[in-house]
Protein chains: 2
Amino acid sequence: MSLALNSKGGVSETTAERVREIARDIGYTPNALARGLQRSSIGMIGLVIRPLDTLESFLPAGVDFFLRLTGAASLAALERGYTLMLVTDPSKPDSPLSALAADAYIVTEPHENDPVLTMLAGERIPFVTIDHDPARPDAFPAFRARATNQVQTMLAHLVEAGAQRVALVTGTDPNAWNIESRDEYLKWCAASGRSPQLLSYPETAGSAVGDDVIDALFGASPTLPLSSPAPDAIFCLTGRHAAGVTEAAIARGIRVPEDLLVAGGSGAIINQTSKPTVTTFDLQPEAVGALAVDAAVKLAERKPLEGPLESPPALIQVRESTTRSQH
Amino acid sequence: MSLALNSKGGVSETTAERVREIARDIGYTPNALARGLQRSSIGMIGLVIRPLDTLESFLPAGVDFFLRLTGAASLAALERGYTLMLVTDPSKPDSPLSALAADAYIVTEPHENDPVLTMLAGERIPFVTIDHDPARPDAFPAFRARATNQVQTMLAHLVEAGAQRVALVTGTDPNAWNIESRDEYLKWCAASGRSPQLLSYPETAGSAVGDDVIDALFGASPTLPLSSPAPDAIFCLTGRHAAGVTEAAIARGIRVPEDLLVAGGSGAIINQTSKPTVTTFDLQPEAVGALAVDAAVKLAERKPLEGPLESPPALIQVRESTTRSQH
DNA sequence: TTGAAAGCGCTAACAG
DNA sequence: CTGTTAGCGCTTTCAA
């Protein structure tokens, strides 16, 4: 009956039809788990969104990157006959057993020497990453996020918009995005003879970091003399940091964009609605998600990934926070 | 070894430890599929977002309800030791087999006599719905969305904001939300001696319906005399319809909110950023998602759902489109 | 307390 | 071309 229902070899069309009819009559549905056990593949792609393991919330208020990625990946998987499962770190001992049941995984923004990648590789479960493990850049197939390019683009934009002294605010997750952005920023400072002003705050903190950033860069009180000259632009890698900084600056009487330009890396919804709206990148999570699923499905089917994995370019979205009026 | 690793009965602590050590040494990981086959449960909750099957896109631009729901449900599932799988209609013949592998399902906004529910019930797979099947309101456990209450709330708000003649624009999916809203609206019209102005457009169409709605209610040309008096308020059940209607009205020289009030049912992001911003409901998808997972997990573990399923109230978010200035 | 074996529902290889 | 059977990796019952 297996042969008949799956129209494999060696069953006459008449018997096949007879089998199918009976199957229909008794309401037969194949058991996915049993088939999965036999084939050792169940038709499922696992999506591990790494930053969520530190954020401790699947829904950091106002961050839509992950949700857009998830939605796109889910649809892409279904289109390819797969199902998408959402999991956090499956290498944690208390993670559900089913978290390891997928045929292939997509891991976003892995950490330095990420244990998730180590585990998957150890178990010989195929995976692709979205952005690479910064400690093992070429060890595994990865869609590079190219933080380097983005930092260059944004710094160029800020300078063109009138900035002289650009400060950088990164997150603290040890991922390629934070690390490479910082390195590129330092390189740019060195090359252009600027002295770096570099801060890091946990991604979790969200827009609450605003006051701390402004305190650190402009002094706790407006009258306090500063050792280094205050920046005239701040580039925050996370959109929520950028939102908080913008708000804190304005509360302090620092006008955005007149006195201070503010830009974000990965845009959050809030950056489109705040006053002023804040310049960010659109990292095109939908496109990335679909491409990653493509690759994961190939890996699940033990097909080779031909060619380098190209991720779509980040699109800079210039908004009010870096647009000084022309007159 | 199974007994030892799962610390079931009848293994001395010494042997248990010895077994565990060897397991660690050889890097043993239990196979989720095999265990699932044996236990006939794998620790997975399936989420079926019904409207997506008609929308034909997991990401209708600007609609964030589903993504917020998904994120919250996913996190809630992980917290309870389950994993969340996203699927569209698993009753479709071409859906992946794994789409039926979950222990329990959450089905959002089922259609009238929804085949998904029929199938799950037939397979004896437990499920909860978010909003009920309008043809079988009490057949299955459901978190009622209470469209009736929402229509009452919104109509009361519009009247208070100055509306006399309120038109209703629904979607076309045969779900409880559309059906009950329409019924409640008609009841309200009858009770208050108003003549109903009722339109329906596919959810898919999004904000593109704006011109059609305005044409239908105000006449294709501004000078054309209308048989029935034009409305002074339009309540669109979907946020994107509301956005389109607002835009089309303004393009036609009809001022919002001065000449026309516009409100949406389920809010989309665009309603918070448009000019004017549009009054909508916040349906609290995060809270609903977490509650639904709670219920689904109970069902998966064959525990009874005690008491009626209460969903959080929809919160009306009054914005510019229904706020006439006071002077 | 331990070891052996049956069986979860399916697939694929094997004789008939 | 058909019917029988072993076995995927696990759990659990049964005998030792």
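Residue numbers start from 1 in every chain, and the chains themselves are labelled A, B, ... in the order their sequence lines are given, proteins ahead of strands.
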Quiz item: Is B/Ser12 touching bases, backbone alone, or none of the nucleic acid, heavy atoms closer than 4.0 Å?
Solution: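 Counting heavy atoms under 4.0 Å across all strands, the contact made by B/Ser12 is with sugar-phosphate only.
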Quiz item: What is the nucleic acid contact for B/Ser41, judged by heavy atoms within less than 4.0 Å: base, sugar-phosphate only, or nothing?
Solution: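 Here B/Ser41 touches no strand at all.
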Under 4.0 Å between a Lys/Arg side-chain N and an Asp/Glu carboxylate O for [X] and [Y]?
| X | Y | result |
| --- | --- | --- |
| A/Glu301 | A/Arg80 | no |
| A/Lys298 | A/Glu306 | yes |
| B/Glu109 | B/Arg50 | no |

Value in whole Å for how far the [atom2] atom of [N] lies from [atom1] of [X]:
| X | N | atom1 | atom2 | answer |
| --- | --- | --- | --- | --- |
| B/Leu5 | D/dG9 | CG | P | 16 Å |
| B/Glu17 | C/dT2 | CD | P | 14 Å |
| B/Ile42 | D/dC10 | CD1 | P | 13 Å |

Quiz item: Can a side chain N or O of B/Thr15 be found less than 4.0 Å away from OP1 or OP2 on C/dT2?
Solution: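 Answer is yes, contact under 4.0 Å.
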Quiz item: Within the pair B/Asn6 and D/dT11, is there a side-chain N or O less than 4.0 Å away from OP1 or OP2?
Solution: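 Affirmative; the distance criterion is met.
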Exercise. Would you confirm whether B/Glu203, through its side chain, and B/Asp173, through its main-chain N or O, come within 3.5 Å as a donor-acceptor pair?
Key: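 Such a contact is found between B/Glu203 side chain and B/Asp173 backbone.
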Practice problem: Report the residue (A/Arg39 or B/Leu3) whose heavy-atom-nearest nucleotide on DNA chain C is the more 5′ of the two. | Solution: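 The residue whose closest nucleotide sits nearer the 5' end is B/Leu3.
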Quiz item: If you check every side-chain atom of A/Leu37, which of C/dC10, C/dT11, D/dC8 has the closest atom?
Solution: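 Among C/dC10, C/dT11, D/dC8, the one nearest the side chain of A/Leu37 is D/dC8.
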Quiz item: Ignoring hydrogens and angles, does a donor from either the side chain of B/Gln38 or the base of D/dG9 sit under 3.5 Å from an acceptor on the other?
Solution: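 Flag unset: no donor-acceptor pair detected.
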